[in-house]
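Worksheet: the structure to be examined is printed underneath.
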Amino acid sequence: MRNKILTAAEAVAPIGDGASVMVGGFMACGSPEVLIDALVEKGPKNLTVIGNDAGWGGKFERGIGKLIHAGLVKTLIASHVGLNPEVAARMNTDVEADKLECILVPQGTLAERVRVGGYGLGGFLTPTGVGTIVETDQSYASGEPKRVIEFNGKKYLLEEPLRADFALVRGSKVDKFGNVYFHGTTVNFNPLMAMAADHVIVGAVEIVETGTLDPNAIGVSGVLVDSIVGGEQPWPIQ
């Protein structure tokens, strides 16, 4: 069996300029800080980052907030960015080099776009956003507003799947094959993103021997995981 356990620097080494990266977590709870720190140290530019939020900014900086503060993110696709005031500042700056494109997606829609990306589906229909600026958003590759489809007398938006080159996820316990157990609410977006990325890196609080995890408690199968990094710290509230 191939050894998947790497240092953080080794694990993020394949992430280059212009890559798309999904980052698990909800307001940084469940985000892999050891991997994010290593990515900041590596310094790839013009990343497209997909996550629930923009992490924390300021003196409480955590999660995706570190990537934004380091100037690594060109495009952020997220639901909630209010905990990081740097997002609004960089969205509205006149300095082109510092400008951040922020694409806001309703949270349930974001989760489902990632899920269908992982399941290989072509998209899904949702009534969320019909008749609002969500409908006229032109952030898809086509540059056109979203398609509105009427079915059984009700209007729906056709939402496209989301995938990424890499996913950075965090596990409470990870065995050496890569099977992941998530404690409490740290599970959030992590399993969805592990399905929807070409290369999956897991930051682990604890690495255990293969076969010691309860199969019923595994949230991500090791067949999806490319590399494992230890050193994550437990969250005090989960």
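Only this structure's heavy atoms are used, side chains among them; waters, hydrogens and symmetry mates stay out. The first residue in the sequence is number 1, and the count goes up from there.
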Inspect the surroundings of NZ in Lys4 and state if more than 12 heavy atoms from other residues, nucleotides or ligands are less than 6.0 Å away. yes
Return yes when atom CZ of Arg62 has more than 12 non-hydrogen atoms of other residues, nucleotides or ligands closer than 6.0 Å, and no otherwise. yes
Whether the side chain of [X] engages the backbone of [Y] through a donor-acceptor N/O pair (distance < 3.5 Å, no angle test) should be reported.
X      : Y      : value
Glu112 : Gly108 : no
Ser227 : Ala11  : no
Ser20  : Asp165 : yes
Arg170 : Val34  : no
Ser221 : Leu224 : no

Does any pair with a residue in [range] pass side chain to side chain donor-acceptor pair (under 3.5 Å), and if so which ones, sequence neighbours excluded?
range            : answer
residues 31-54   : Glu33-Lys66, Asp37-Lys66, Asn52-Gln107
residues 188-208 : Arg163-Asp198
residues 82-94   : His69-Glu86

Among residues two or more places apart or on two chains, list those pairs meeting salt bridge (charged side-chain N to carboxylate O under 4.0 Å, His left out) that have a residue in residues 69-84. none
Is there a path of hydrophobic side-chain contacts, each under 4.5 Å between heavy atoms of I, L, V, M, F, W or Y residues, that connects [X] with [Y]?
X      : Y      : value
Leu162 : Val23  : no
Ile36  : Ile201 : yes
Phe182 : Ile228 : yes

Tyr181: what forms a side-chain hydrogen bond (donor to acceptor under 3.5 Å, both in side chains) with it, not counting sequence neighbours? His183
Evaluate the salt bridge (charged side-chain N to carboxylate O under 4.0 Å, His left out) criterion for residues Glu96 and Lys99: first the C-alpha distance (whole Å), next the side-chain angles of each, then the deciding distance (0.1 Å), finally the verdict. CA-CA 5 Å; Glu96 191 60 35; Lys99 196 138 185 97; over 6 Å; no
Please list, chain by chain and in numerical order, all residues satisfying salt bridge (Lys or Arg N to Asp or Glu O under 4.0 Å) with Glu150, sequence neighbours excluded. none
For the atom pair CG (Leu158) and CD1 (Ile149), what is the distance rounded to the nearest 0.5 Å? 5.0 Å
